[in-house]
Amino acid sequence: MGNGVTHHVIIDCDPGTDDAVALWLALASPELSVEAITVAGGNVGLEQTLGNARAVVSLTGARVPVHAGAARPLLGRFTSAARVHGQDGLNGVSLPAGGPPAPGLAADAIRARLRTATIPLTLIGIGPATNIALALATEPTLAARIAEIVLMSGAWGEGNATPAAEFNAWSDPEALAIVLACGRPITLVTLELTAQALVTPSRIAALRRCGRNACLRAACDILAAAPSPARMHGAPLHDPCAIAWLLRPDLFSGRDCAVRIETSDGEGRGRTHIDRWQLTGQPANAHVLERLDADGFFDLLGRRLAALP
Ligand code: BDR
Ligand code: CA
């Protein structure tokens with residue numbers, strides 16, 4: 001791969017405050033060639049997440065296609081996370097409107113890109129897994145053209161949507177089950193990992209000192225408006241961790257685990273059973289990230305966002 005590009009990626013997202021920062025980090029990083037961005041309803045409804053994704057991309061000046069995808073999960077009903085991300089999905093920080101959405105729906109666009117890719121593509125999922133699952137379920141042979149899949153999803157302990165389940169996993173467990181079973185290398189960025197990437201007032205101040213450009217300022221405004229969960233000393237910056245893993249794997253450590261998603265209708269729905277201690281005898285199907293050098297991560301974030309317009 002020329003020009004310092006190490007990964008050709010499709011990012012499937014639901015912006016979403018942390019999704020917005022993740023998109024900016026990706027678009028600022030010369031190691032990543034962002035081939036397409038696909039959007040699902042998740043943190044807020046699809047109309048809003050799609051508009052937010054287009055606005056985030058437009059602010060960078062990048063010409064990356066943004067495709068609309070699933071408005072609701074494969075089964076069950078849609079529930080937003082507006083209490084965390086605000087009704088507009090960006091906690092009230094308004095961005096100039098972006099360009100029009102690209103023609104073609106997300107799952108079709110993912111399949112089309114995989115079909116024609118000359119280099120295997122990396123899929124980054126930072127929202128409910130619906131779009132990626134639809135693409136894989138409708139043309140499973142295309143999985144062979146996936147280099148790897150990085151998902152911000154799940155937790156080995158407590159959830160943040162329910163006591164048992166993390167929001168992305170809980171939003172579409174059946175879709176996550178399809179993705180986990182696809183047979184390609186999967187890296188899982190869980191809540192335990194992102195709980196180490198805490199946005200604090202001093203970290204926002206350090207980010208602001210990195211530059212005065214529009215994308216960095218908007219990112220800081222969005223982060224400053226994010227509520228900190230009760231009993232935490234800051235707000236976890238979930239989705240950018242999935243991008244940073246591809247840029248600086250040396251900032252992370254983890255282990256291979258068997259991961260199963262619970263699709264029952266009970267109170268465990270959406271729980272990821274992560275066998276960190278090899279208790280089940282099941283083969284590993286994911287690399288689960290466990291430790292993060294948080295200072296290194298925020299240093300990377302500041303330097304990259306400062307390079308954007
Ligand atoms: C995940 O859920 C969403 O609210 C965030 O954008 C992130 O992708 C964290 O549980
Ligand atoms: Ca997200």
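In each ligand, atom 1 is the first atom listed, and ligand 1 is the first ligand listed. Keep in mind that what you see is a predicted model, and the values were worked out from it rather than measured.
Counting heavy atoms from C-beta on, the side chains of Ile11 and Ile243 come closer than 4.5 Å.
Listed by chain and number, the residues in a side-chain hydrogen bond (donor to acceptor under 3.5 Å, both in side chains) with Asn168 amount to none (sequence neighbours excluded). In terms of the side-chain hydrogen bond (donor to acceptor under 3.5 Å, both in side chains) criterion, Thr272 has no residue partners (sequence neighbours excluded).
Residues Arg203 and Asp299 are not paired through a salt bridge, judged by the lack of any N-O separation under 4.0 Å between the basic side chain and the carboxylate.
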In a simple table, one pair per line, please give the protein and ligand 1 atom names for every N or O pair closer than 3.5 Å, along with the distance.
from     : atom 1 : to     : atom 2 : distance (Å)
ligand 1 : 4 (O)  : Asn43  : OD1    : 2.5
ligand 1 : 4 (O)  : His85  : NE2    : 3.0
ligand 1 : 6 (O)  : Asp18  : OD1    : 2.6
ligand 1 : 6 (O)  : Asp18  : OD2    : 3.2
ligand 1 : 6 (O)  : Asp19  : OD1    : 3.0
ligand 1 : 6 (O)  : Asn43  : ND2    : 3.0
ligand 1 : 6 (O)  : Asp239 : OD2    : 3.1
ligand 1 : 8 (O)  : Ile126 : O      : 3.1
ligand 1 : 8 (O)  : Asn168 : ND2    : 2.9
ligand 1 : 8 (O)  : Asp239 : OD1    : 2.6
ligand 1 : 8 (O)  : Asp239 : OD2    : 3.1
ligand 1 : 10 (O) : Asn160 : ND2    : 2.9
ligand 1 : 10 (O) : Glu166 : OE2    : 2.5

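Side-chain contact annotation: Asp12 with Thr38, donor-acceptor N/O pair under 3.5 Å present. Side chains of Ser33 and Glu35: a donor-acceptor N/O pair is present below 3.5 angstrom, by distance only. Thr280 and Asp275 share a donor-acceptor pair across their side chains, judged by distance under 3.5 Å alone. For the 3.5 Å distance criterion, the side chains of Ser29 and Arg304 qualify, holding a donor opposite an acceptor.
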Under the side-chain hydrogen bond (donor to acceptor under 3.5 Å, both in side chains) criterion, do Glu262 and His273 qualify, and how do the steps go?
CA-CA 7 Å; Glu262 192 162 330; His273 294 271; 2.6 Å; yes
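For the Ca ion (ligand 2), the nearby protein N/O/S atoms, meaning those under 3.0 Å, are Asp14 OD1, Asp19 OD1, Asp19 OD2, Ile126 O, Asp239 OD2.
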